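Structure first, commentary second.
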Amino acid sequence: MEIGSWHTMRSFYRDRSVTQQRLAPGSVRRVLSYARPYRLPLAFFLFTTSVSAVITVAVPLLLKTIIDRGILAHDTSVVFAVAGIVAGLALLGAALSIVQRWLSAKIGEGLIYDLRTRVFEHVQRQPIAFFTRAQTGSLVSRLNSDVIGAQQALTSTLSSVVANALALVLTLGVMLYLSWLVTVIALVLLPLFIIPARLVGRRLQRLARESMQLDAEMGTTMTERFNVAGAMLVKLFGQLEDEARTFAGRASRVRDIGVVTAMFGSVLFIALTLLASMATAVTYGVGGSLVIDGTFQLGTLVALTALLSRLYAPITALSNVQVDVMTALVSFDRVFEVLDLKPLIAERPGAVALPRSRPGNGHGNGGAPGTVLAPEIQFDRVSFRYPSPSEVSLASLESIALPVAERTGAGQDVLRGVDFTAPAGRLTALVGPSGAGKTTITHLVSRLYDPTAGTVRIGGYDLRDLTLASLQSTVGVVTQDAHMFHDTIRTNLSYARPHASEAELEQACRAAQIWDLITSLPDGLDTVVGDRGYRLSGGEKQRLAIARLLLKAPSVVVLDEATAHLDSESELAVQRALRVALANRTSLVIAHRLSTIREADQILVIVDGQIAERGTHEDLLAAGGEYADLYHTQFSRQEVKAELPGRERQEPLTRA
């Protein structure tokens with residue numbers, strides 16, 4: 001006889017240590033709040049589950065009636081009538097099973113959708129520091145396994161508890177009514193089911209934990225080695241045989257665990273089935289003697305035996321109900337942990353939209369040629385320090401919690417009293433040694449972070465008073481290593497303006513000096529750029545990023561070493577594209593190659609988080625300070641002399 005399904009047995013695989021975890025206060029109330037939109041289908045789902053449990057107990061009683069009052073009494077009308085009722089209940093049970101499956105899917109998938117979309121949107125609002133610390137795999141796990149585990153709390157776990165509890169109460173009640181002696185004997189045999197299941201279950205739990213850990217390690221290895229950068233690193237520095245041997249060792253351990261787990265599971269299932277069969281034999285032995293003695297009729301014995309088969313499965317399942325419920329609630333709690341992490345950057349109530357200004361350069365941006373409509377940027381005594389890990393991340397999302405100062409510089413000011421104005425429609429360059437705070441300044445302009453003290457303004461508006469959407473449409477950024485999605489050129493460009501026309505795409509690409517390359521490709525704009533754009537050269541990817549920026553048409557442009565690490569030919573092509581991108585836009589440019597920003601309207605020399613010098617190229621060279629030292633470090637005396645009028649020199653970034 002079958003005492004339960006593999007679904008019931010799986011509860012023995014689960015880690016019982018989950019019952020020792022403490023849920024955050026109010027977790028259960030929050031779970032119920034997510035169930036509220038589904039309360040009507042959930043109530044109907046529980047109703048159909050309860051009816052199914054009643055049918056499970058009713059059928060043995062009908063078997064008793066058909067035997068005692070029909071077959072033994074030689075009354076065919078009773079036999080046919082009761083047989084028809086049994087058939088009808090079977091059809092009803094089948095229909096209820098379909099309805100339950102539909103309701104379970106509707107509730108479960110709806111809840112998964114609600115949680116996934118909310119977590120996804122919430123994670124996207126986290127600061128950059130969050131993503132520099134959190135493991136991507138852990139975040140994906142919250143959106144997948146934990147969300148699904150949370151969903152099971154309202155479907156499989158809840159229905160299992162209700163159905164098993166109701167079936168157990170009804171079955172025990174009916175069995176006690178039919179024969180208290182047989183019922184007591186059945187309960188005495190119960191430890192023979194629970195004890196071996198618990199013993200084997202502990203071993204299965206240890207194996208399951210080890211298997212999950214090894215699966216996670218293999219997943220991390222594959223994720224790191226299968227992206228372009230990781231694969232290149234392995235080929236250049238790694239030992240392919242060692243990599244394969246290490247992976248094979250973990251995979252073989254998972255294989256061995258899988259075999260052992262399968263055998264333990266089979267032994268457990270067979271042992272429980274055997275014990276159930278033994279219990280059935282005892283019931284027939286004791287009950288049969290009672291029938292012979294005339295204590296009760298044959299139909300009662302058949303009903304007791306049928307009910308016995310429905311007794312042990314609910315008891316076995318309910319013996320692990322605490323583990324099942326806590327596993328589901330802990331999954332909810334892990335999801336809530338992410339949702340409770342407050343974003344550092346958020347819109348204030350009543351935030352206003354920054355008036356949309358466009359550079360008037362005659363390129364279809366809405367302004368007359370030569371008209372400056374771009375806003376100015378102001379830093380008013382700005383100081384900044386990076387947030388601590390507890391402010392931006394969760395320990396459970398990090399594989400290694402590094403000391404704060406080691407990675408982020410949290411606790412110490414990265415910028416101190418920075419005060420300057422980047423004039424509207426002009427180019428302001430930031431130079432200085434690595435780690436001086438240049439990139440941090442650009443992060444504050446695009447509001448990836450808020451200043452610790454002081455104010456950053458665009459067009460006279462404090463960035464904290466503006467809507468994020470209007471700020472994002474105003475500020476465009478091109479970084480040193482522009483990111484491209486593993487998709488077509490068209491999709492990557494349209495990310496800046498989803499409904500851009502073909503003509504607008506072509507115009508942006510021509511201005512970025514990349515259109516000729518695109519037309520030479522077999523698939524043109526529909527060419528796939530590869531993971532992170534690795535099918536493109538560095539210069540091509542930068543020009544594509546500039547085309548994307550031009551398509552966005554921001555009035556403020558931030559360039560974070562956009563021409564660094566490019567060869568001379570690629571750099572010249574990118575610089576020609578940038579001349580269009582910067583035309584009549586307020587520009588903030590970080591450059592290590594000082595030759596590219598000689599004609600900037602203003603150069604700020606950043607040293608140790610402060611502005612050490614400011615002025616034009618000629619003024620700063622004449623001052624003989626930090627800028628002059630940096631410049632002379634890059635160029636020999638002969639190259640400095642070559643800057644005299646009439647001599648050919650590298651094409652600088654200009655305002656056009």
Side-chain angles (χ1 to χ4, degrees), residues 114 117-132 336 338-360 365-367 372-388 390-393 410 413-415 417-425 428 439-479 495-499 548-549 551-558 560 585-588:
D114 294 342
T117 53
R118 186 165 181 183
V119 172
F120 183 84
E121 181 182 3
H122 187 75
V123 167
Q124 283 193 310
R125 296 181 183 278
Q126 297 303 318
I128 292 298
F130 171 83
F131 298 98
T132 63
F336 293 153
V338 176
L339 292 176
D340 289 340
L341 186 61
K342 300 297 183 184
L344 290 181
I345 306 300
E347 285 186 5
R348 287 177 174 173
V352 298
L354 180 65
R356 180 66 166 147
S357 57
R358 292 178 180 272
N365 290 327
V372 177
L373 300 177
E376 70 176 11
I377 301 171
Q378 294 175 308
F379 273 59
D380 185 5
R381 296 185 297 277
V382 170
S383 296
F384 176 77
R385 62 175 175 271
Y386 282 99
S388 65
S390 61
E391 294 177 289
V392 297
S393 185
D413 285 343
V414 179
L415 299 178
V418 174
D419 198 289
F420 71 89
T421 297
T428 297
T439 298
T440 301
I441 290 175
T442 63
H443 284 173
L444 294 178
V445 171
S446 51
R447 211 189 168 198
L448 295 179
Y449 297 98
D450 280 336
T452 307
T455 306
V456 180
R457 298 184 181 90
I458 288 184
Y461 291 87
D462 187 333
L463 299 192
R464 291 166 292 198
D465 295 329
L466 298 174
T467 61
L468 294 175
S470 66
L471 181 62
Q472 290 165 359
S473 66
T474 299
V475 180
V477 180
V478 177
T479 59
Y495 195 72
R497 192 190 296 178
H499 303 295
R548 183 167 59 190
L549 177 128
L551 201 62
K552 180 179 179 180
S555 52
V556 174
V557 174
V558 175
D560 189 352
R585 290 178 165 93
T586 305
S587 308
L588 206 59

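This chain uses plain numbering: 1 for the first residue, then up along the sequence. Model, not experiment: these values are computed from the prediction.
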Quiz prompt | Whether over 12 other heavy atoms sit under 6.0 Å from Phe420 CZ | solution = yes

Quick one: side-chain contact (heavy atoms from CB on, under 4.5 Å) partners of [X], sequence neighbours excluded?
X	answer
Thr452	Phe384, Arg385
Ala353	Thr467, Ser470
Ser383	Ala453
Ser446	Leu448, Val475, Val477

Quiz item: Just by distance, with hydrogens left out, do Tyr449 and Thr440 show a side-chain donor and acceptor under 3.5 Å apart?
Solution: no

Whether [X] side chain and [Y] backbone form a donor-acceptor pair below 3.5 Å:
X	Y	result
His122	Leu341	yes
Thr586	Pro375	yes
Ser555	Arg585	no

Quiz prompt | Pairs touching residues 455-470 that satisfy salt bridge (charged side-chain N to carboxylate O under 4.0 Å, His left out), sequence neighbours left out | solution = Arg348-Asp465, Asp380-Arg457, Asp462-Arg464

Self-check item: Reported CG-to-CZ distance for the pair Leu444 and Phe379, which is rounded to 0.5 angstrom
Solution: 5.0 Å

Tell me the closest heavy-atom pair linking [X] and [Y], and the distance in Å.
X	Y	result
Val382	Thr455	CG2-O, 3.3 Å
Leu466	Glu347	O-CG, 4.3 Å
Ile458	Ile377	CG1-CG1, 4.3 Å
Ala553	Arg497	CB-NH2, 4.2 Å

Practice problem: Report the residues that fulfil salt bridge (charged side-chain N to carboxylate O under 4.0 Å, His left out) with Arg125, sequence neighbours left out, ordered by chain and then residue number. | Solution: Glu121

